[in-house]
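Take a look at the following structure, please.
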Amino acid sequence: MSENKVRVRFAPSPTGPLHIGGVRTCLYNYLFAKKYGGDLLLRIEDTDSQRFVPGAEEYIIEAFKWLGITFDEGVGVGGENGPYRQSERRDIYKKYVQQLLDAGLAYYAFDTPEELEEKRKEIANFQYDSRTRMQGVNSLTLPAEEVKRRIENGDKYVVRIKIEPDEDVEVDDMVRGKVVINSNVLDDKVLYKSADELPTYHLANIVDDHLMKITHVIRGEEWLPSAPLHVLLYRYLGWADTMPRFAHLPLLLKPEGNGKLSKRDGDRLGFPVFPLQWTDPATGAISSGYRESGYLPEAVVNFLALLGWNPGTDQEMFSMEELIQLFSIERVSKSGARFNYEKGTWFNHEYLIKKSDDEVAELFMPFLKEKGYECEKSRLTYIVSLVKERVSFIKDLWEQTSYFFEAPTEYDEKSLKKRWKPESPQMLTELMEVLDGIADYSKVAENEQLVLDWVASKEYNLGTVMNSFRITLVGAAKGPHIFNIIDILGKEETLARVKRALEVIK
RNA sequence: GGCGGAUUAGUGUAGUGGCCUAGCACGGAGCUCUCUCACGGCUCAGACUCGGGUUCGAUUCCCGGAUCCGCUACCA
């Protein structure tokens with residue numbers, strides 16, 4: 001392993017199902033890592049014991065497995081830089097908290113949440129920082145013995161970083177360039193809380209990234225404001241020279257209206273915002289997932305990849321391999337991308353028609369079974385070949401093929417009005433004789449010619465004959481080539497349907 | 001409110017100080033193919049947030065406004 005091997009991480013919190021935005025973040029990390037022959041790690045950031053949701057971790061692992069995104073190291077994979085769950089790294093963090101404390105770069109604070117809440121109410125724009133910390137109850141204002149006594153007494157405390165004022169902190173972002181923030185607007189963030197003996201995100205994140213030799217931090221834009229704090233933390237801990245490069249990704253926005261994409265949008269507009277279906281363990285509420293909604297994983301990956309990035313060419317369809325080759329952080333856009341699920345549907349359609357008829361038939365099988373029908377594979381493949389390009393999702397195939405399995409019981413009003421003529425019954429009655437004379441229905445072209453010749457000889461209107469015929473078979477003026485339909489239905493069924501329609505349609 | 005980020009058609013985006021009559025895709029409209037419905041093909045409508053600069057020239061560079069997004073927790 002070379003010294004400067006690219007190492008990136010995806011570090012979700014197990015607070016519920018993984019949001020589709022998180023999926024994209026991980027995808028970009030994956031593409032970046034693979035492009036440079038590096039590693040992608042999965043780290044679970046469960047430092048918020050309050051919000052832990054059982055099953056979330058398994059969900060995350062399963063989701064990426066489905067999408068074809070693999071981890072080289074981390075939870076579920078293992079590796080030499082573990083453990084990869086922050087809740088299992090308590091002792092590690094304590095050591096570095098102590099280091100900061102000893103160096104005078106952090107301090108103990110005993111202010112209760114209520115007291116702080118009070119201050120926020122009293123003072124506009126209150127924040128715990130160089131201007132206000134001397135009014136707080138902390139190791140900067142309390143005598144050393146008192147601090148010691150309180151700690152030994154088991155009083156709850158937090159450790160806060162001591163931010164020095166009047167300093168311009170620079171973050172060199174790979175997407176946005178240099179971002180400068182003055183330390184005056186930063187507050188003395190809580191780094192560690194004695195209540196659960198766990199660090200907060202900021203500290204744990206920096207310690208882990210350093211220990212796990214992370215070279216590039218690619219994360220959502222919501223982290224940009226705290227990036228200066230992270231830079232300072234690297235400096236305080238003495239790791240400035242190995243600090244990773246940062247890249248803050250644009251956010252995914254609602255399809256319409258204001259704000260970032262949320263679960264509610266999916267419910268409202270009828271598209272999933274999660275990769276897999278999720279059942280809330282507390283309420284039992286079900287959130288739909290891309291997988292269960294019939295999306296193909298490669299379509300989801302392709303769609304997501306292009307939401308905030310493009311290779312600069314007109315190409316839109318990419319395999320994972322192509323994405324890996326073409327991906328570059330420099331070409332990630334800076335502004336938030338509205339989530340347009342219709343484009344996602346289109347991608348799915350494209351991937352669906354790219355699949356072989358055989359494969360699509362295989363995928364359709366379970367849906368057919370659900371409807372109560374069995375179908376021989378070769379026959380289903382034939383059916384699929386006729387209608388595949390009409391649908392965007394596997395499950396929509398039923399709507400396009402149901403008449404192959406169940407004879408129409410009613411006939412579409414509009415189709416009848418437009419296509420069923422007074423002379424239709426007479427024509428069809430005669431057509432039945434012609435059809436009866438055909439021995440092999442699989443000779444599609446031949447049979448078509450035969451019927452066409454017959455129509456011509458009778459000087460009938462071709463449209464009227466064919467459309468009337470179609471309605472009796474399908475129940476409406478829709479569907480693929482009619483001679484393929486009767487090939488699939490067979491002579492007996494074809495004639496039965498025509499006969500029946502002639503009795504029913506008045 | 002404070003701080004930061006962003007701003008090309010409805011959406012995702014390309015692009016550039018003059019080559020821009022601003023390209024592509026989704027979506028929309030129409031035409032076409034056809035026994036029908038789709039698919040496909042063709043065509044059309046539709047955008048550089050506004051105001052100041054800089055410049056011979058700005059969509060492109062600078063400043064300001066507006067709008068949107070994010071952060072502002074003992075959440076990540």
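Convention: sequence-line order gives letters A, B, ...; per-chain numbering from 1.
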Validation row, ring centre Y295(A) to ring centre Y351(A) under 6.0 Å: no

C1' atoms of rU49(B) and rC42(B), separation to the nearest Å: 35 Å

P250(A) or I181(A), whichever maps to the more 5' nucleotide of RNA chain B: I181(A)

Closest nucleotide among rC39(B), rA76(B), rC37(B) to the K478(A) side chain: rC37(B)

Touch class at under 4.0 angstrom, heavy-atom based, for D111(A) against every strand present: base

Donor-acceptor contact present, side-chain R219(A) to main-chain T25(A), <3.5 Å: no

Contact under 4.0 Å: R331(A) side-chain N or O vs rG15(B) OP1/OP2: yes

No-H, no-angle donor-acceptor pair, R390(A) side chain to rC39(B) base, under 3.5 Å: no

Sugar-phosphate, base or nothing in reach of L251(A), heavy atoms under 4.0 Å: sugar-phosphate

Nearest-Å distance for atom pair CZ/P, residues R51(A) and rC75(B): 9 Å

First encountered from the 5' end of RNA chain B, between V158(A) and E222(A): E222(A)

Among D111(A), D187(A), D188(A), the one residue meeting salt bridge (charged side-chain N to carboxylate O under 4.0 Å, His left out) with R133(A): D188(A)

Distance below 4.0 Å between N467(A) side-chain N/O and rU36(B) OP1 or OP2: no

T47(A) vs rA76(B): side-chain N/O to OP1/OP2 distance below 4.0 Å: yes

Sugar-phosphate, base or nothing in reach of H202(A), heavy atoms under 4.0 Å: nothing

Atom pairs under 3.5 Å: protein N/O with N/O of nucleotides 23-27 of chain B:
unit_1, atom_1, unit_2, atom_2, d
rA25(B), O4', E316(A), OE1, 3.2
rA25(B), O2', E316(A), OE1, 2.4
rA25(B), O2', E316(A), OE2, 3.4
rA25(B), O2', K343(A), NZ, 2.7
rA25(B), N3, K343(A), NZ, 3.3

Inter-nucleotide C1' distance (rG70(B), rG53(B)), Å rounded: 30 Å

P-based separation of rU43(B) from rG1(B) [nearest Å]: 50 Å

Side chain to side chain contact (heavy atoms under 4.5 Å, CB included) partner of I92(A), the single match among R89(A), R90(A), E88(A): R89(A)

A337(A), nearest nucleotide to its side chain (from rC35(B), rA6(B), rG12(B)): rG12(B)

Same-atom distance (C1') from rU54(B) to rC62(B), integer angstrom: 7 Å

Side chain to side chain contact (heavy atoms under 4.5 Å, CB included) partner of R9(A), the single match among I218(A), L42(A), D209(A): D209(A)

Centroid-centroid distance, F271(A) to F339(A), less than 6.0 Å: yes

Nearest-Å distance for atom pair CG/P, residues L304(A) and rU13(B): 12 Å

For RNA chain B, the dot-bracket pattern of Watson-Crick and G-U pairs whose distances stay under 3.5 Å, | for other-strand partners: (((((((..((((....[....)))).(((((.......)))))....(((((..]....))))))))))))....

Side-chain N or O of R470(A) closer than 4.0 Å to phosphate OP1/OP2 of rC37(B): no

Donor on one side chain, acceptor on other, E423(A) and Y460(A), under 3.5 Å: no

Greater than 12 external heavy atoms within 6.0 Å of R131(A)'s CZ: no

Length of the line joining W309(A):CH2 and rU13(B):C1', which is rounded to integer Å: 12 Å

Touch class at under 4.0 angstrom, heavy-atom based, for N125(A) against every strand present: base

Tabulate atom names and distances for all N/O pairs under 3.5 angstrom spanning the protein and nucleotides 60-67 of chain B.
none

Gap in Å between the two C1' atoms, one belonging to rC3(B) and one to rA25(B), rounded: 37 Å

D129(A) side chain to T132(A) backbone, donor-acceptor under 3.5 Å: yes

Rounded distance in Å - CD (Q127(A)) to C1' (rC3(B)): 9 Å

Nucleotide nearest Y201(A) (side chain, heavy atoms from C-beta), chosen from rC74(B), rC69(B), rA76(B): rA76(B)

Value in whole Å for how far the C1' atom of rC3(B) lies from CG of D166(A): 15 Å

Residue of the set I20(A), L249(A), L252(A) for which side chain to side chain contact (heavy atoms under 4.5 Å, CB included) holds with L307(A): L252(A)

Polar side chain donor-acceptor pair, E167(A) to N182(A), under 3.5 angstrom: no

Euclidean distance, atom CG of residue L397(A) to atom P of rA38(B) [Å, nearest integer]: 17 Å

Touch class at under 4.0 angstrom, heavy-atom based, for K260(A) against every strand present: sugar-phosphate

Under 3.5 Å side-chain donor-acceptor pair for D48(A) and Y201(A): no

Protein-nucleotide distance (M174(A), atom CE; rG5(B), atom P), rounded to Å: 18 Å

C1' gap between rU59(B) and rU21(B), integer Å: 15 Å

Sugar-phosphate only, base, or nothing, as touched by A124(A) at under 4.0 Å among non-hydrogen atoms: nothing

Sugar-phosphate, base or nothing in reach of S333(A), heavy atoms under 4.0 Å: sugar-phosphate

Nearest listed nucleotide, side chain of R419(A), among rU7(B), rU36(B), rC71(B): rU36(B)

Span that lies between the C1' atom of rU67(B) and that of rC50(B), in whole angstrom: 10 Å

Backbone of G136(A) reached by a side-chain donor or acceptor of T141(A) within 3.5 Å: yes

Donor-acceptor contact below 3.5 Å, side chain R497(A) vs main chain L473(A): yes

Residue V185(A), side-chain heavy atoms: nucleotide from rU11(B), rC3(B), rA76(B) that is nearest: rC3(B)

Touch class at under 4.0 angstrom, heavy-atom based, for P12(A) against every strand present: nothing

Smallest separation among heavy atoms of N302(A) and F318(A), with atom names: OD1-N, 2.8 Å

Atom C1', compared across rA58(B) and rU32(B): separation rounded to whole Å: 42 Å

Interatomic distance, K189(A) NZ vs rC3(B) P [rounded to whole Å]: 16 Å

